[in-house]
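Here is the structure we will look at.
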Amino acid sequence: MKALALALAIAGASLGLSALAQTSPPAGSPRLPAAAASPAPEPAQLGLCVACHGKNGAPLQPGTPHIGGQSEAYLMQALRAYRDGSRRAVAMNAISNALQPRDIEELARWYAAQPGPAARR
Ligand code: HEC
């Protein structure tokens, strides 16, 4: 009986080890390109936004809206409107002036890919 228990323990341990080993991909397996692992590369101008919106779009300052997980098209439109002055908010009018069209696209894609407000709890 002791021998059986020992054999079972050894079998269990080796099963456990092989299960662990399977969590890392076998050598030489194709790796996903970085772009697939994170859907949006970090925008060059993200540093202009983080003081108020954080990296993930959850507000760090009172009165700042949550923009993480918002639709990309909406974010792009909002940034363009701040930039051309058709939407007025002192901070955003000033900041969006520094953005090129390409920055607006990158930032909208980035924040759209972050968790929405419901995921924050
Ligand atoms: C000084 C703080 C501050 C910084 C820095 C800042 N924002 Fe804002 N942002 C705000 C505030 C406050 C609002 C709300 C303005 C309003 O009432 O329209 C806002 C609104 C927005 C909105 C509209 C959200 C909505 O729901 O309509 C977007 C999009 C946005 N910001 C993106 C950005 C991006 C991208 C950056 C960096 C380039 C940035 N913000 C930098 C404070 C900031």
Side-chain angles (χ1 to χ4, degrees):
M1 246 350 217
K2 261 190 179 165
L4 179 60
L6 188 63
L8 283 174
I10 292 170
S14 58
L15 273 179
L17 283 178
S18 61
L20 273 181
Q22 278 172 8
T23 59
S24 48
S29 69
R31 290 196 184 278
L32 290 173
S38 81
E42 199 166 298
Q45 301 296 351
L46 188 60
L48 290 177
C49 321
V50 295
C52 301
H53 294 284
K55 259 194 171 187
N56 61 4
L60 296 179
Q61 301 296 331
T64 305
H66 188 117
I67 58 172
Q70 180 56 275
S71 99
E72 186 177 333
Y74 175 90
L75 293 174
M76 219 144 38
Q77 205 240 302
L79 289 169
R80 288 181 182 139
Y82 286 128
R83 192 157 172 269
D84 71 21
S86 60
R87 180 170 173 182
R88 289 180 184 272
V90 177
M92 288 308 303
N93 288 144
I95 288 155
S96 57
N97 258 333
L99 301 176
Q100 298 301 311
R102 189 194 159 86
D103 298 321
I104 289 183
E105 286 165 24
E106 287 178 3
L107 289 162
R109 195 173 312 135
W110 171 267
Y111 279 119
Q114 306 305 313
R120 200 154 47 104
R121 277 174 240 157

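Start at 1 and go down the list; that is how both ligands and their atoms are numbered. Nothing fancy with the numbering, it's 1 onward along the sequence.
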Q: Looking only at protein heavy atoms, identify the closest one to atom 3 (C) of ligand 1 and say how far it is in Å.
A: Cys52 SG, 2.7 Å

Q. Which residue from Asp103, Ile104, Ile95 reaches closest to atom 4 (C) of ligand 1 through any of its heavy atoms?
A. Ile95

Q) Does an N or O anywhere in Gln70 fall below 3.5 Å from an N or O of ligand 1? A) no

Q | Within-shell test, Ala51 vs ligand 1, heavy atom, strictly < 4.0 Å | A | no

Q) Among protein heavy atoms, which lies nearest atom 26 (O) of ligand 1, and at what distance? A) Tyr74 OH, 3.4 Å

Q) Of the non-hydrogen atoms in Tyr111 and Gly57, which two are nearest, and what is the gap between them? A) CE2-N, 3.3 Å

Q) How close does the nearest protein non-hydrogen atom get to atom 37 (C) of ligand 1, and which residue and atom is it? A) Cys49 SG, 1.8 Å

Q | Nearest non-hydrogen protein atom, atom 19 (C) of ligand 1 | A | Met92 CG, 3.3 Å

Q. Rounded to the nearest 0.5 Å, what separation is found between the CZ atom of Arg102 and the CD atom of Glu106?
A. 4.5 Å

**Q.** Per-residue contact class, Arg87 against ligand 1 - non-hydrogen pairs under 4.0 Å
**A.** side chain

Q: Quick one: look at Gln61 and ligand 1, take heavy-atom pairs under 4.0 Å, and tell me if it's side chain, backbone, both or neither.
A: neither

(Q) Nearest 0.5 angstrom please: Leu107 CG to Ile95 CD1, how far? (A) 11.0 Å

Q) In the protein, which heavy atom is nearest to atom 20 (C) of ligand 1, and how far is it? A) Tyr82 OH, 3.3 Å

**Q.** Where Gln61 and Ala51 come nearest, the two heavy atoms and their spacing
**A.** NE2-O, 3.4 Å

Q: Can you pull out the closest protein heavy atom to atom 14 (C) of ligand 1? Residue, atom name and distance to 0.1 Å, please.
A: Pro65 CD, 3.5 Å

Q: With heavy atoms of Leu75 as the reference, note each atom of ligand 1 found under 4.0 Å away.
A: 29 (C)

Q.
Give me the atom names and distance for the closest heavy-atom approach of Arg87 to Asn93.
A. O-ND2, 2.8 Å

(Q) When you measure from the side chain of Trp110 to the backbone of Lys55, do you find a donor-acceptor pair of N or O atoms at a distance under 3.5 Å? (A) yes

Q) Under 4.0 Å from ligand 1, counting heavy atoms only, is it the side chain of Leu79, its backbone, both or neither? A) side chain

**Q.** Pairwise distance CG(Leu48) to CG(Leu99) - rounded to 0.5 angstrom
**A.** 6.5 Å

Q. Ala89 heavy atoms, cut-off 4.0 Å: which ligand 1 atoms fall inside?
A. 15 (C), 16 (C), 18 (O)

Q.
Distance under 4.0 Å to a non-hydrogen atom of Leu48: what atoms of ligand 1 satisfy this?
A. 5 (C), 37 (C), 38 (C), 41 (C)

(Q) Among all the protein's non-hydrogen atoms, which is closest to atom 12 (C) of ligand 1, and how far away is it? (A) Gly63 O, 3.6 Å

Q) atom 9 (N) of ligand 1: which protein heavy atom is closest, and how many Å away? A) His53 NE2, 2.8 Å

Q) Roughly how far, to the nearest 0.5 Å, is the CZ atom of Arg109 from the CG atom of Leu75? A) 12.0 Å

Q) In Å and rounded to the nearest 0.5 Å, what is the SG to CD1 distance from Cys52 to Ile67? A) 10.0 Å

(Q) Would you compute the distance between atom CD of Gln77 and atom OG of Ser86 and round it to the nearest 0.5 angstrom? (A) 7.5 Å

Q | For Glu72 against Ala108, the heavy-atom pair lying closest together | A | O-CB, 3.6 Å

